[in-house]
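All values below come from the heavy atoms of this structure, side chains included, with hydrogens, waters and symmetry mates left out.
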Amino acid sequence: MDLVIGARSALFAPLPELGLIIVDEEHDSAYVQEERRGGPHYQARDVAVVRAKMEKAVVVLGSGTPSVQSFQNSITGRYHLLLMPDRVEKRPLPEVEIVDMKGLKNAYGKDEMLSPILRKAIDENLMGGSQSILFLNRRGFHRLYLCRACGQSISCPNCDVALTFHLNEDRLICHYCGFNSGTKVKCSSCGGGNLKPYGFGTEKLEHELNTLFPTARISRMDADSTRKKGAALQILKKFGRHETDILVGTQMITKGYDFPNVTVVGVISADLSLSFPDFRAGERTFQLLSQVAGRAGRGDQKGRVIIQTFNPDHYVIRAAMAHDFHSFFDTEKGLREQLGYPPFSNLACLRLQGDSKKMTEEAVYQLSSNLRAILRRWPKRGKEIQVLGPVEAPISRLKGKHRWQLLVKSRSVSLLRHLLIEVERSSLKALRSRGVHLVSDVDPYDML
């Protein structure tokens with residue numbers, strides 16, 4: 001065997017004379033193998049680097065929007081930086097416009113889904129025979145149902161998240177555990193049955209586009225429309241053959257697709273991923289915006305990107321508008337350096353989950369006490385480690401499990417590793433007796 005092409009598991013292929021590993025789109029979070037999917041935790045990009053070192057091979061990490069950690073490694077000399085500053089055939093980058101959505105209302109006084117500028121651009125594109133892509137990183141029709149009496153949202157009984165309404169199924173669905181129910185439900189807080197739908201996702205956006213542009217051929221690409229085997233490929237093939245005028249989708253459509261006839265890209269809610277409780281929220285948002293913007297103007301016609309946002313002056317939005325990775329990186333680097341987040345420290349998330357809320361809470365405080373006791377026994381090195389928490393996880397209950405977590409920072413990876421081994425050794429027995437499971441996630445990519 002001379003060549004292996006595959007997903008992250010391809011890194012473990014038994015090649016006797018490995019000379020080269022290429023990790024395409026190295027920034028993509030899909031390279032992270034998480035425990036809930038089965039098997040060990042690992043970041044495939046980092047595994048590639050380690051295996052290449054073991055086999056004395058070359059590893060190439062490719063990306064148009066490199067991760068902050070990889071780019072910092074190129075600055076410090078750990079990696080060698082190779083730049084490709086121009087597009088194919090030196091085509092110009094698309095023109096990017098920012099639309100401030102604050103105060104934009106329709107004739108009925110409701111928030112606009114599509115700004116007048118974006119509507120006009122799509123209309124002109126349709127008349128000119130070109131294609132458009134609209135990116136909204138939220139699926140479903142209505143984001144949540146609110147009780148008009150008390151304001152509580154209708155939530156999943158297994159997870160600490162609101163149920164999303166899907167029009168095609170006429171169901172309320174949890175996007176984490178798959179729980180679903182009909183829409184004729186009562187508020188669990190006050191028992192009221194007068195509910196108000198709020199927010200929107202790709203399904204509602206598709207519905208709105210069909211109303212605004214009744215003659216346009218519109219397709220939607222998200223986790224709901226691509227459940228059947230081969231569905232995603234068929235959607236992309238139709239778009240590539242220009243049997244679709246407008247493609248609506250989630251981050252699935254931000255990948256490196258090459259559609260020369262796409263001249264308008266619209267980003268519907270650029271702020272969605274900025275609000276995540278995760279130190280990588282800015283990085284992920286910049287990558288998403290840059291990647292989806294790159295779908296415009298790949299042919300002979302110049303591209304145009306319209307970003308709708310409620311935070312037009314945010315450094316991430318401004319950097320994406322200017323196609324300026326270095327500006328984004330410099331700001332992001334400064335913030336992370338001040339706060340001691342990777343790549344300027346090593347981070348571990350100690351997450352506890354259990355069936356009993358009381359037992360899980362008791363267990364995490366006991367774990368916190370054990371951890372700090374260990375650090376006190378290390379009078380010198382212990383001061384090099386910072387412990388944050390314990391706190392409930394942002395999603396405090398997932399698939400019926402109550403979740404708490406601690407964050408541990410250390411500039412020394414070997415010291416952090418030694419601490420985690422010591423903590424697990426001294427705590428696992430007590431955790432098991434409470435029916436609580438500990439997951440030690442080093443360099444976590446999922447902070448929820």
Side chains of Asp160 and Ser396, donor plus acceptor under 3.5 Å: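 Side chains of Asp160 and Ser396: pair found under 3.5 Å.
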
Just checking, any donor-acceptor pair under 3.5 angstrom between side chains of Thr244 and Ser219?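 Checked: Thr244/Ser219 side chains pair up, N/O donor to acceptor below 3.5 Å.
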
Answer whether the closest heavy-atom distance between the side chains of [X] and [Y] falls below 4.5 Å.
X      : Y      : value
Gln69  : Arg280 : yes
Val161 : His175 : no
Asp446 : Val32  : no
Val265 : Phe135 : no
Pro94  : Arg295 : no
Tyr445 : Asp278 : no
Phe200 : Leu136 : yes
Ile122 : Leu134 : yes

Donor-acceptor under 3.5 Å ([X] side chain, [Y] main chain):
X      : Y      : value
Ser290 : Thr65  : no
Asp441 : Met447 : no
Arg45  : Tyr31  : no
Thr254 : Thr250 : no
Arg148 : Asn194 : no
Asn125 : Gln131 : yes
Ser153 : Ser155 : no
Arg8   : Ala30  : yes
Arg51  : Leu11  : yes
Ser368 : Val364 : no

I need the minimum non-hydrogen distance between [X] and [Y], along with the two atoms involved.
X      : Y      : value
Cys156 : Phe179 : SG-CB, 4.0 Å
Thr164 : His142 : CG2-O, 3.1 Å
Gly340 : Lys409 : O-CD, 3.3 Å
Leu272 : Arg138 : CD2-NH2, 2.8 Å
Gly64  : Glu25  : N-OE1, 4.4 Å
Cys174 : Cys159 : SG-SG, 3.9 Å

From Ser67, Pro66, Ser70, residue fulfilling side chain to side chain contact (heavy atoms under 4.5 Å, CB included) relative to Leu61: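 When side chain to side chain contact (heavy atoms under 4.5 Å, CB included) is applied between Leu61 and each of Ser67, Pro66, Ser70, only Ser70 qualifies.
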
Using the rule given for side chain to side chain contact (heavy atoms under 4.5 Å, CB included), can you reason through Ile268 versus Leu118, listing the C-alpha separation, both sets of side-chain angles and the distance that settles it, and then say yes or no? CA-CA 9 Å; Ile268 304 306; Leu118 182 53; 3.7 Å; yes

Electrostatic pair Asp28-Lys255, nearest N-O below 4.0 angstrom: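 Salt bridge present between Asp28 and Lys255.
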
Tell me whether Arg217 is salt-bridged to Glu243, with the criterion being a basic N under 4.0 Å from an acidic carboxylate O.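 The answer is no: the pair does not qualify as a salt bridge.
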
Is it the case that over 12 heavy atoms from other parts of the model lie below 6.0 angstrom from the [atom1] atom of [X]?
X      : atom1 : answer
Lys358 : NZ    : no
Ile5   : CD1   : no
Gln301 : CD    : no

Starting at [atom1] of [X], measure out to [atom2] of [Y] and round the result to the nearest 0.5 Å.
X      : Y      : atom1 : atom2 : result
His166 : Glu203 : NE2   : CD    : 7.0 Å
Leu407 : Arg351 : CG    : CZ    : 9.0 Å
Thr226 : Arg220 : OG1   : CZ    : 9.5 Å
Lys333 : Leu335 : NZ    : CG    : 12.5 Å
Leu172 : Ser181 : CG    : OG    : 4.5 Å
Leu247 : Glu206 : CG    : CD    : 10.0 Å

Considering only residues two or more places apart or on different chains, which pairs with a residue in residues 308-317 satisfy side chain to side chain donor-acceptor pair (under 3.5 Å)?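 Non-adjacent pairs meeting side chain to side chain donor-acceptor pair (under 3.5 Å): Ser115-Gln308, Asp271-Thr309, Asp271-Asn311, Asp313-Arg318, Tyr315-Glu332.
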
Please assess Arg227 against Glu169 for the test salt bridge (charged side-chain N to carboxylate O under 4.0 Å, His left out), listing each intermediate value before the final yes or no. CA-CA 13 Å; Arg227 284 176 185 165; Glu169 294 93 342; 3.4 Å; yes

Should the pair Phe286 and Phe328 be assigned to parallel (<30°), tilted (30 to 60°) or perpendicular (>60°) ring geometry?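 Parallel.
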
Tell me whether the rings of Phe165 and Phe141 are parallel (<30°), tilted (30 to 60°) or perpendicular (>60°).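 Answer is perpendicular, since the angle exceeds 60°.
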
Would Phe71 and Phe325 count as a close aromatic pair, with their ring centres under 6.0 Å?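 Close enough - the centres of the two rings lie under 6.0 Å apart.
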
Could you walk me through whether Phe12 and Val47 pass the side chain to side chain contact (heavy atoms under 4.5 Å, CB included) test, one step at a time? CA-CA 9 Å; Phe12 303 102; Val47 171; 4.2 Å; yes

Under the criterion side chain to side chain contact (heavy atoms under 4.5 Å, CB included), I'd like the reasoning laid out for Val305 against Leu289: C-alpha separation, chi angles, the key distance, then a yes or no. CA-CA 10 Å; Val305 180; Leu289 294 180; over 6 Å; no

Show, in sequence, the C-alpha distance, side-chain angles and deciding distance for Arg304 and Glu124, and conclude whether the side chain to side chain contact (heavy atoms under 4.5 Å, CB included) test is met. CA-CA 12 Å; Arg304 183 182 181 191; Glu124 290 174 349; 4.3 Å; yes

